[in-house]
Amino acid sequence: MKNIAVAGTGYVGLSMGTCFADMGNKVTFIDIDESKIARLLKGEVPIYEPGLSELILRNAKAGRLHFTTNYAEALADAEFVFICVGTPSGVDGEADLRYVRMAAESIALNMSHPLIIINKSTVPVGTGDWVADIVHRSQPQHMDFDVVSCPEFTREGSALYDFMNPDRVVLGSHNPDAAEKVAQLHLPLRARIIITDLRTAEMIKYASNAFLATKISFINEIAAICEKLGADVNEVAVGMGYDKRIGPQFLNAGLGYGGSCFPKDVKALEHMALVHGSHPSLLRAVMDINRDARRWAVFTLRKLLEGKLDQKRIGIMGLAFKPNTDDIRESPAMDIARMLQNEGAHVVAYDPVAMPTALRDNPTLNMAEDTYDLAKDVDALLVCTEWNEFKQVDLARLKQSMARPIVVDGRNMYDVDVMQKFGFIYRAVGKGNLSEEEEYASTTAQNGHYSVPSSYQNGKSSTETNGSEQPEALQEDAG
Ligand code: UDX
């Protein structure tokens, strides 16, 4: 049994600390937000993370979990202290480390014996040395300590499962003994443990998140091409995924990534590269494609509504950046809602969990009671978050409530044939526009001659081309 202090009670700190308590350790949470600590002391969990509430209550009852705003109290008999505070995007995308600095200074001022300080927060490469320097300079008198980087790889909505079943534990430190002690803490997870230096451990985290974001932007780029060529991106992803070198995960085309990690981490990595004279062109493309993935929704709705969103009523299905969380940070839905409102649309939204957090962010949003209430008299529905409760919705009842049967599916949640059968005008990501595809098929001329459908030529008149030339849709964008 070890004594662990955790600075920061967000979804990473709370999930990780509670799991360590569940393994039999004594864990004391520290947060500078007194209201958060007060709620936790009353057994209220300030974040929505499936299963976390029950786990906290059980371990608090067993006396393994404690909550305080007092660092001295939390560190009194701790051997380890995890820094799990937020590192939001700052100027130019650089990670804002003010909360890491505050935690490091508080640890230095309140430690009464040697400690192992563990950076769990996602921090720029080199932050471990920066934290050590802050602690050295802030200690009233010298006291031994080590800094270990132990990046988190947990996803919101499945943080408990991901922590208890890691693909790997990454540890970085200048002192291998300190890293070994932190490795011992993780032994019950029976996972592969990689021990390396501080900077490499910090880079593994950024590179991992940036790669996952790249995979998502890659499939969204393929989706955009599939849309022009009438291929089905979901089937493409399935065909790709059987290749063990590619794998099936993170190939879901849609409105792209949001959340508190990918957007911030890709930007932070770009910033790190730039300030050190590197040219992160791939990371920039990943961010550009992700931005365009959201714009696709607005463009498609505008196209289906006679080119004008002004005074149109749009229902948004899902506000959280992904299912099973109430987190709306960098959520595509929130971005798209604002873009629609900026064009004069009346936006109404429904999300099973995230409406309160969404209203705090955009009080002009109208909220519906449920999916059917949302559908009432809308000109179109837009799927932004693939919540389970949307998947088996009564489509006939939905269509009956709508003013127009237009559904734009930003998460490819529904089946094209089923939606067509119910009489919806349905658009998904990377499925090609059936009517345009049929038009394309019907205009394919004999003897290798064909004209690219006018809609592929952005309104220009269709041109006769022979079979040898690339269709307009594939030619370099002349614009
Ligand atoms: C991510 C990483 O997965 C996790 O390892 C890291 O520790 C924190 O950041 P998280 O942001 O919580 O976790 O959620 P994740 O499930 O990775 O989804 C991120 C975003 O990508 C969501 O907006 C999701 O909708 C989107 N996504 C995910 C896609 O658009 N397509 C996919 O195939 C997968």
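Residues: numbered from 1 along the sequence shown. When a ligand or atom number is given, it counts from 1 through the structure's own listing order.
Of all protein heavy atoms, the one lying nearest to atom 31 (N) of ligand 1 is Asn252 O, 3.1 Å. Nearest to atom 4 (C) of ligand 1 among the protein's heavy atoms is Thr154 O, 3.5 Å. Taking atom 12 (O) of ligand 1 as the reference point, the nearest protein heavy-atom neighbour is Glu156 N, 2.7 Å. Of the protein's non-hydrogen atoms, the one nearest atom 29 (C) of ligand 1 is Ile216 CD1, 3.7 Å. The protein non-hydrogen atom at the shortest distance from atom 16 (O) of ligand 1 is Lys322 NZ, 2.9 Å. Scanning the protein for heavy atoms near atom 11 (O) of ligand 1, the closest one is Phe321 CE1, 3.8 Å. Counting only heavy atoms of the protein, atom 5 (O) of ligand 1 lies nearest to Phe153 O, 3.3 Å. Among all protein heavy atoms, the one lying closest to atom 3 (O) of ligand 1 is Arg155 CG, 3.2 Å.
Distance check, rounded to the nearest 0.5 Å: CD1 of Ile425 to CE of Met419 gives 11.0 Å.
For atom 26 (C) of ligand 1, the nearest non-hydrogen atom from the set Phe250, Phe262, Tyr257 comes from Tyr257. Distances from atom 6 (C) of ligand 1 to the heavy atoms of Lys215, Arg411, Lys205 show the closest one on Lys205.
Residue contact annotation: Gly254 has no non-hydrogen atom under 4.0 Å from ligand 1.
By the criterion of a heavy-atom distance under 4.0 Å, neither the backbone nor the side chain of Asp265 is placed next to ligand 1.
Looking at every heavy atom in both residues, Asp129 comes nearest to Arg199 through OD2-NE, 3.7 Å.
Close approach of ligand 1 to Cys261 (heavy-atom distance below 4.0 Å) involves ligand atoms 8 (C), 9 (O).
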Item to complete: List the steps, then state whether side chain to side chain contact (heavy atoms under 4.5 Å, CB included) holds for Lys228 with Ile225.
Response: CA-CA 5 Å; Lys228 297 296 180 192; Ile225 301 170; 5.6 Å; no
Item to complete: Could you walk me through whether Arg155 and Lys322 pass side chain to side chain contact (heavy atoms under 4.5 Å, CB included), step by step?
Response: CA-CA 10 Å; Arg155 294 163 295 170; Lys322 67 173 201 174; 3.6 Å; yes
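Side-chain contact annotation: Asn252 with Glu386, donor-acceptor N/O pair under 3.5 Å absent. Side chain to side chain, Ser208 and Arg168 meet the donor-acceptor criterion of an N or O pair below 3.5 Å. Side-chain contact annotation: Glu202 with Thr127, donor-acceptor N/O pair under 3.5 Å absent. Side chain to side chain, Tyr350 and Asp373 fail the donor-acceptor criterion of an N or O pair below 3.5 Å.
Classified by interplanar angle (parallel below 30°, tilted 30° to 60°, perpendicular above 60°), the ring pair Phe163/Phe20 is perpendicular.
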